[in-house]
Amino acid sequence: MSEKLTLTDWAAAAAKEVKGRDLKWHTPEGIVVKPLYTADDTADIDPGLPGFAPFTRGVRASMYAGRPWTIRQYAGFSTAEASNAFYRRNLAAGQKGLSVAFDLATHRGYDSDHPRVTGDVGKAGVAIDTIDDMKILFDGIPLDTMSVSMTMNGAVIPILAFFIVTGEEQGVPQAQLDGTIQNDILKEFMVRNTYIYPPEPSMRIIADIIAYTSAHMPKFNSISISGYHMQEAGATQLQELAFTIADGREYAKAAMASGLDLDAFAGRLSFFFAIGMNFFMEIAKLRAARKLWHRVMTDLGAKDERSKMLRTHCQTSGVSLTEQDPYNNVVRTTVEAMAAMLGGTQSLHTNALDEAIALPTDFSARIARNTQIVLQEETGMTKVVDPLGGSYYIESLTEELVDKAWEIIQRVEAEGGMAKAVAAGWPKAMIEEAAAGQAARVDKGEQVIVGVNKYKLAEQDPIDILDVDNVAVRESQIARIARSKAGRDEAKCIAALDALREGARGTANLLALAVEAARQRATLGEISSAMEDIFGRYDTVPTPVSGIYGGAHAFDAAWQGLKEGVVSLETRNGRRPRMLVAKMGQDGHDRGANLVSSAFGDLGFDVVPGPLFQTPSEAAKLAIERDVDVVGASSLAAGHKTLIPELIGHLRDAGRGDIKVIAGGVIPAQDYQYLRDAGVQGIFGPGTNLVEAAGDVLRLLGHNMPPVEEAAE
């Protein structure tokens, strides 16, 4: 009989195989992952059972063995008619719930005829200006049986009011409406930036929505507390987990402070997490989230165990998708969908292969949707509840995430709660530092992205993409606004808007007043503006982090060559090269812009981080006032064909055609020539190596230096 093997035996064998190389992995979260886990790592961990507190293993005892997760697709584009047709095709093909994407003009509370949104209408979601748009969006889709999720935060009051009135006019009472409104403003101030009002009135809006839905809409989730956009902005899974749970705690406290009973509304709170490519970390994150939420709600005084269940929707990562070799994205989405399933999500959206550069086509959406159907129908993965429960690695990783996230949550509470933490700015700074660190690892090749920094194709094959005619959509929306206004009782509409304005000044429930305004055919912009008259509109200027990206490259020859190039230009011109990083239109996603500002600032450029939401004329004016050499226009929401040529036109009209304009972000290769013809002198798509991009910009500014690859040799 052989002797029992020990960990010492294994360690000796492993060391011999790898010849002394350390097999431990240090994750971006600061977690040390060992190459082997055993029963010793879980000796003190009791994960419990599915359906029982603290719900680590799932919120239902039967989980997917009883009913699989809901298949959702987050979609919306162009007009309400086009989106409605897309929804109906997807529902007929096996989709089980709707998840509505709105365009950025709608998010920011502007009607499509507003001069600030010329490049945004219909581009990154569906344009909703009136109750007529909402009725068309759900035409033929019975709201008494269909669960509808709406990703809306800034203009949450008019959108939810339109949805309620659309249900009424379909003959569906409010009590039968089923779905979720995101209604998560704290993460907007942290990362996504599609806010309208300052933090304090924004928190009041959330409490009013929770109060109204608790009283009138028992099947409707009044808030979807979202970590998704944090991870998309660069947060580690640990940061996403901790800040999302802390946000949820803040919202629960705000509702309680307004007089609501915790157990009366807690069951209608839901969550929304991103699922990226760190497979086991994502599984452990969802399990840890359930355990943490149970702890938080117990601490707040919840009595009903159902109040302590964390129910979540998940979406596969958008930022993990690549423009390069895009069919790899099908594999990425499949891996991420499996992680969401193994982590115990209640519903799931799978991104399409082309979403690194455009909205999905019918072809790519079908593959994304069928990814979930195949997992449910063909793999047998739904037959066992929490199949990874008891895994030495998963249980240990779950517990470590719980402990590390709790440390951050306690810091938040010690400093007065999440609203104060967001106002102080330190969560946003943490996320931006993590984003800069990740970008540096990718650019250096330390973090592999297949097809981008390893196993690259010599030539990229073009793929068909969905292109929305922004001009045509805006014209059709303006015409519908005019028809709606012409057909309404103007006196009743004005009276409803006046009541909403006075309610904002006082303490009345804002959603109740907005529902009446929607019945009187007030537009989304009018409802938003009535509250803006009292609350004001919130603005911010990015403050990029410094030293993270450059610190990671400090000993690279190519980086040092670029820094010398910057010094050379400074010597020649009498000042450092100056760049305006411009964010035009209503797109608040600023990860790319902040990374560019951080990297170029670390190189020695004089960087002017432009305010969010500029018009082309405002960006041109700022570029001229600051006497910049180059404007880097960041685009993530498909407004580039409208906004960037307009910027170049304003510069030329002002006699400053010498200021060079470059473009970066989510720009399809099919649009490159259009932008070049308009005068763009450099285009940097998704996955661009910032070191190489900086070399291109220096050459554009007249510094005669070799390409980065040669400089590094």
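Everything quoted here is computed from the prediction, not taken from an experiment.
A salt bridge links Arg501 with Asp533: at least one charged nitrogen is closer than 4.0 Å to a carboxylate oxygen. A salt bridge links Asp386 with Arg287: at least one charged nitrogen is closer than 4.0 Å to a carboxylate oxygen. A salt bridge links Asp362 with Arg89; the closest basic N to acidic carboxylate O contact falls under 4.0 Å.
Gln174 and Tyr212 are linked by a side-chain donor-acceptor pair at a separation below 3.5 angstrom, with hydrogens and angles left out of the test. No donor-acceptor contact under 3.5 angstrom links the side chains of Thr194 and Asn153, judged on distance only. No side-chain N or O of Gln231 forms a donor-acceptor pair with one of Ser317 less than 3.5 Å apart. Side-chain N/O atoms of Glu232 and His589 include no donor and acceptor closer than 3.5 Å.
Taking the ring-ring contact (aromatic ring centres under 6.0 Å, His included) definition, one finds that Phe271 meets it with Trp293, sequence neighbours left out. Every residue meeting the ring-ring contact (aromatic ring centres under 6.0 Å, His included) condition with His313, not counting sequence neighbours, appears here in chain and number order: Phe272. Judged as a side-chain hydrogen bond (donor to acceptor under 3.5 Å, both in side chains), and not counting sequence neighbours, Asp247 has no contacts. For Arg483, the side-chain hydrogen bond (donor to acceptor under 3.5 Å, both in side chains) criterion is met by no residue, not counting sequence neighbours. The side chain to side chain contact (heavy atoms under 4.5 Å, CB included) search around Ala339 returns Ile275, Phe279, Glu282, Ile283, not counting sequence neighbours. Scanning for ring-ring contact (aromatic ring centres under 6.0 Å, His included) contacts around Phe535 gives Tyr197, with sequence neighbours left out. Listed by chain and number, the residues in a side-chain hydrogen bond (donor to acceptor under 3.5 Å, both in side chains) with Arg60 amount to none (sequence neighbours excluded).
Side chain of Arg72 to main chain of Leu98: a donor-acceptor pair is present (N/O by atom type, distance under 3.5 Å, no hydrogens or angles). No donor-acceptor pair closer than 3.5 Å links the side chain of Asp263 to the backbone N or O of Ala302. Judged purely by atom type and a 3.5 angstrom limit, Lys303 uses its side chain to pair as donor or acceptor with the backbone of Gly301.
Residue pairs meeting the ring-ring contact (aromatic ring centres under 6.0 Å, His included) criterion with at least one partner in residues 478-528, sequence neighbours excluded, do not occur; the list is empty. A salt bridge (charged side-chain N to carboxylate O under 4.0 Å, His left out) check over residues 158-178, counting only residues at least two apart or in different chains, returns the pairs Lys135-Glu169, Glu168-Arg519, Glu169-Arg521. Within the structure, no pair that satisfies the ring-ring contact (aromatic ring centres under 6.0 Å, His included) test touches residues 502-529, not counting sequence neighbours. Sorted by first and then second residue, the salt bridge (charged side-chain N to carboxylate O under 4.0 Å, His left out) pairs with a member in residues 142-151 form an empty list; sequence neighbours excluded.
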Side chains of residues 215-224: which donor-acceptor pairs under 3.5 Å do they make with residues two or more places apart or in other chains?
{"from": "Asn221", "atom 1": "OD1", "to": "Arg268", "atom 2": "NE", "distance (Å)": "3.2"}
{"from": "Asn221", "atom 1": "OD1", "to": "Arg268", "atom 2": "NH2", "distance (Å)": "2.9"}
{"from": "Asn221", "atom 1": "ND2", "to": "Thr180", "atom 2": "OG1", "distance (Å)": "3.0"}

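Aromatic rings from Tyr87 and Phe138 are positioned such that their centres are separated by 6.0 Å or more. Checked against the 6.0 Å centroid threshold, Tyr195 and Phe189 count as a close aromatic pair.
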Steps toward side chain to side chain donor-acceptor pair (under 3.5 Å) verdict (Asp184, Ser226): CA-CA 7 Å; Asp184 175 6; Ser226 174; 4.7 Å; no
Criterion salt bridge (Lys or Arg N to Asp or Glu O under 4.0 Å) on Arg488 and Glu490, from CA distance to verdict: CA-CA 6 Å; Arg488 70 192 185 186; Glu490 194 66 17; 2.9 Å; yes
Pair Gln586-Lys123, side chain to side chain donor-acceptor pair (under 3.5 Å): steps then yes or no: CA-CA 11 Å; Gln586 298 305 305; Lys123 293 297 283 188; over 6 Å; no
Asn193 vs Glu188, side chain to side chain donor-acceptor pair (under 3.5 Å): CA-CA, chis, key distance, verdict: CA-CA 5 Å; Asn193 300 313; Glu188 297 295 331; over 6 Å; no
Side chain to side chain donor-acceptor pair (under 3.5 Å) between Gln372 and His349, worked out: CA-CA 9 Å; Gln372 296 194 54; His349 163 80; 5.9 Å; no
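Cation-pi contact between Arg116 and Phe613: absent, since separation from the ring centre below 6.0 Å together with deviation from the ring axis within 45° is not met. With a 6.0 Å cutoff to the six-membered ring centre and a 45° limit on the axis angle, Arg295 does not count as a cation-pi contact of Phe55.
Residue-environment remark: NZ (Lys492) stays at or below the threshold of 12 foreign heavy atoms within 6.0 Å.
Test Asn329, Leu321, Asn351, Thr334 against Thr316 for side-chain contact (heavy atoms from CB on, under 4.5 Å) and you get one pass: Asn351.
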